[in-house]
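Chain letters run A, B, ... following the sequence lines, proteins first, then strands; residues in each count from 1. Given the structure is predicted, the values throughout are model-derived calculations rather than measurements.
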Protein chains: 2
Amino acid sequence: MPRSVAEKPEKLSRIQTANRALITEAALEVFATEGYRGATIERIAERCGMSKTNLLYYFPNKDEIYRTVLAQTLEGWLDPFIEISPDADPEEALGNYIAEKVALSLDRPEASRLFANEIHRGAPLIHDFLKTELKDLVDEKAAVIRQWIDSGKLAPVDPYHLIFMIWATTQHYADFAVQVEAVMGRAPDTDEITQAITGMILKGARPA
Amino acid sequence: MPRSVAEKPEKLSRIQTANRALITEAALEVFATEGYRGATIERIAERCGMSKTNLLYYFPNKDEIYRTVLAQTLEGWLDPFIEISPDADPEEALGNYIAEKVALSLDRPEASRLFANEIHRGAPLIHDFLKTELKDLVDEKAAVIRQWIDSGKLAPVDPYHLIFMIWATTQHYADFAVQVEAVMGRAPDTDEITQAITGMILKGARPA
DNA sequence: CAAAAACTTGACCATTTGATAAAAAATGAC
DNA sequence: GTCATTTTTTATCAAATGGTCAAGTTTTTG
């Protein structure tokens, strides 16, 4: 009789798979809105109709839930970025990337807010990841952008700040959705946002 | 013998003024990094070298500390926005605004993160403020931008998204400072950031 | 300088919260 | 269907946390 799922890293049963998915889904929302310390196991359990004790059968502790959810989030976050190809036309490549990030932001705003929260806390769990894996990846894409600039396909903008600008604007519509809706009196859709961002940024980066 | 400062809303003594300032300063940092629920009174007290009990002499409860800090933050946040004048040249007016916001973001990143956190939680305390005061203010500035567009001084961009883009990019350097530094391997200064943002956005909004 | 007011401290309390242990219930293999 | 395994519940804890109270200390004021 195992004390918890976490103690036997073998294959998961159907119930285990289902419940762990339920839990991470609920945890994502709670962590995203309340932050790591503000989130409680009980609240997560409530949100997936499970007792706190039962939840702790599937995850050994709060920290492990958080790590799991954060890892999942990071994965989905990086994928579209990796796709940026040096062979493509810059406007198309960046336009696609922006469109994908906007779609993701509207589809899973909690993931974006969870990530933001981790950074706000000083990135205690992923500081190393940022300095190594993410940095390498950004360096790589910055080189691609620089190459586009050198071949006259892009105006001479700083690649890093261009990337930050894309991240900042796309994520803004997830992280500040409440403010956007309050100020506009309505919630803009994917197309409208993508249009606005690509229109501005791609024009700003277009060669003279 | 008054039970607390909050109970007598008359003028504050020297010690009261000093200690309340100490507390709000410390509270800003703690709330900004830990979020509302994650922040503890004890931690705030520690950070200003005061006992929890003593702190509670100056503020009746945690909520009141938060409200005070948030109100202070909102004030400083709006000021530069209000200054945007229809009479000025758009590039200069927007450029100035961006420069001021960047300076503020680097100078007081905690304020920016506190605000972000409030929004992440769904803006429980300021939802009404967003829908009324802020919306009115943004509507007003959007009208100014539209006027610039109509008189051919600006490309036909959506005023609201232009404003969001400025907010998103400038605040990004406060809220995601840890990530920016990790990825760039250094912390960009005010000038560099202002240059990058204005360069891109103002060019993107420049009439053809 | 003495009384009053303002400030600080330490002991205390009720809840909440992360977590454990063991019993009960449900599920699955044969 | 029965037995072993997995899942869920119930009871319980210790620590953390928001907050109170009353007594002590310092500062201000007449």
Side-chain angles (χ1 to χ4, degrees), chain A residues 1-24 26-27 29-31 33-70 121 124-125, chain B residues 1-24 26-27 29-31 33-70 121 124-125:
Chain A
M1 58 187 85
R3 269 241 311 279
S4 89
V5 167
E7 286 179 16
K8 47 164 12 192
E10 298 153 40
K11 57 201 160 204
L12 303 176
S13 77
R14 208 153 20 92
I15 297 181
Q16 280 165 11
T17 314
N19 278 345
R20 281 181 65 104
L22 256 182
I23 292 167
T24 50
E29 291 173 40
V30 176
F31 279 127
T33 59
E34 301 288 357
Y36 177 76
R37 294 210 50 194
T40 74
I41 301 182
E42 180 122 43
R43 230 183 163 88
I44 298 172
E46 261 174 43
R47 197 173 277 239
C48 49
M50 191 181 282
S51 73
K52 182 172 66 164
T53 321
N54 197 190
L55 188 153
L56 283 167
Y57 168 71
Y58 291 101
F59 286 90
N61 52 51
K62 182 178 173 180
D63 209 65
E64 206 55 46
I65 309 172
Y66 182 72
R67 282 173 197 277
T68 304
V69 173
L70 185 61
R121 288 199 303 151
L125 266 82
Chain B
M1 57 186 87
R3 270 240 311 276
S4 90
V5 167
E7 286 179 15
K8 48 163 10 190
E10 298 152 42
K11 58 201 159 204
L12 302 175
S13 77
R14 206 154 21 94
I15 297 180
Q16 279 164 13
T17 313
N19 278 347
R20 282 182 65 105
L22 256 183
I23 293 167
T24 51
E29 291 174 41
V30 177
F31 280 126
T33 59
E34 302 287 358
Y36 177 76
R37 294 209 52 198
T40 73
I41 302 183
E42 181 123 42
R43 229 182 164 90
I44 298 171
E46 261 175 43
R47 197 175 276 241
C48 49
M50 193 181 281
S51 72
K52 183 172 68 163
T53 320
N54 197 191
L55 188 154
L56 282 167
Y57 169 72
Y58 292 99
F59 286 89
N61 52 50
K62 183 178 172 179
D63 208 65
E64 206 55 48
I65 309 172
Y66 182 71
R67 282 173 196 277
T68 304
V69 174
L70 185 61
R121 288 200 303 148
L125 266 84

Can you tell me how far [atom2] of [N] sits from [atom1] of [X], to the nearest Å?
{"X": "B/Ile23", "N": "C/dC7", "atom1": "CD1", "atom2": "C1'", "value": "12 Å"}
{"X": "A/Arg20", "N": "D/dT7", "atom1": "CZ", "atom2": "C1'", "value": "15 Å"}
{"X": "A/Lys62", "N": "C/dT17", "atom1": "NZ", "atom2": "C1'", "value": "8 Å"}
{"X": "A/Tyr58", "N": "D/dT6", "atom1": "OH", "atom2": "P", "value": "12 Å"}
{"X": "A/Leu56", "N": "D/dT10", "atom1": "CG", "atom2": "P", "value": "16 Å"}
{"X": "B/Leu55", "N": "D/dT17", "atom1": "CG", "atom2": "P", "value": "15 Å"}
{"X": "B/Glu64", "N": "D/dG19", "atom1": "CD", "atom2": "P", "value": "11 Å"}

Practice problem: Supply the atom-to-atom distance B/Thr24 OG1 to B/Ile44 CD1, rounded to the nearest 0.5 angstrom. | Solution: 10.0 Å
Quiz item: Are any non-hydrogen side-chain atoms of B/Tyr66 and B/Leu125 less than 4.5 angstrom apart?
Solution: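 Counting from C-beta outward, B/Tyr66 and B/Leu125 do come under 4.5 Å.
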Exercise. Side-chain contact test, heavy atoms from C-beta onward, threshold under 4.5 Å: evaluate it for B/Ile41 versus B/Phe59 and give yes or no.
Key: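 Answer no - side chains too far apart.
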Residues in side chain to side chain contact (heavy atoms under 4.5 Å, CB included) with [X], at least two apart?
{"X": "B/Ile15", "answer": "B/Ser13, B/Asn19, B/Tyr58"}
{"X": "B/Thr33", "answer": "B/Arg113"}
{"X": "A/Arg43", "answer": "A/Val30, A/Glu34, A/Thr40, B/Arg37"}

Check whether any side-chain nitrogen or oxygen of [X] sits under 4.0 Å from OP1 or OP2 of [N], and answer yes or no.
{"X": "A/Asn19", "N": "D/dT8", "value": "yes"}
{"X": "A/Asn54", "N": "D/dT10", "value": "no"}
{"X": "B/Gln16", "N": "C/dC7", "value": "yes"}
{"X": "B/Ser51", "N": "C/dT9", "value": "yes"}
{"X": "B/Tyr57", "N": "C/dC7", "value": "yes"}

Would you give me the side-chain donor-acceptor pairs under 3.5 Å for residues 49-56 of chain B, sequence neighbours excluded?
unit_1  : atom_1 : unit_2  : atom_2 : d
B/Ser51 : OG     : B/Asn54 : N      : 3.0

Self-check item: Any residue of residues 33-46 of chain A with a heavy atom less than 4.0 Å from an atom of DNA chain C
Solution: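 Nucleic-acid contacts, sorted: A/Ala39, A/Thr40, A/Ile41.
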Self-check item: Face-on cation placement of A/Lys62 at A/Phe31 ring, 6.0 Å and 45° thresholds
Solution: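 No, A/Lys62 does not sit over the ring of A/Phe31.
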Distances under 3.5 Å between protein N/O atoms and the N/O atoms of nucleotides 25-27 of chain C, please, pair by pair.
none

Exercise. Please identify each residue that fulfils side-chain hydrogen bond (donor to acceptor under 3.5 Å, both in side chains) with B/Asn61, with sequence neighbours left out.
Key: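 Listed in chain order: nothing, the list is empty.
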Quiz item: What about A/Lys52, does its side chain sit under 3.5 Å from the base of C/dG18 through a donor-acceptor pair?
Solution: yes
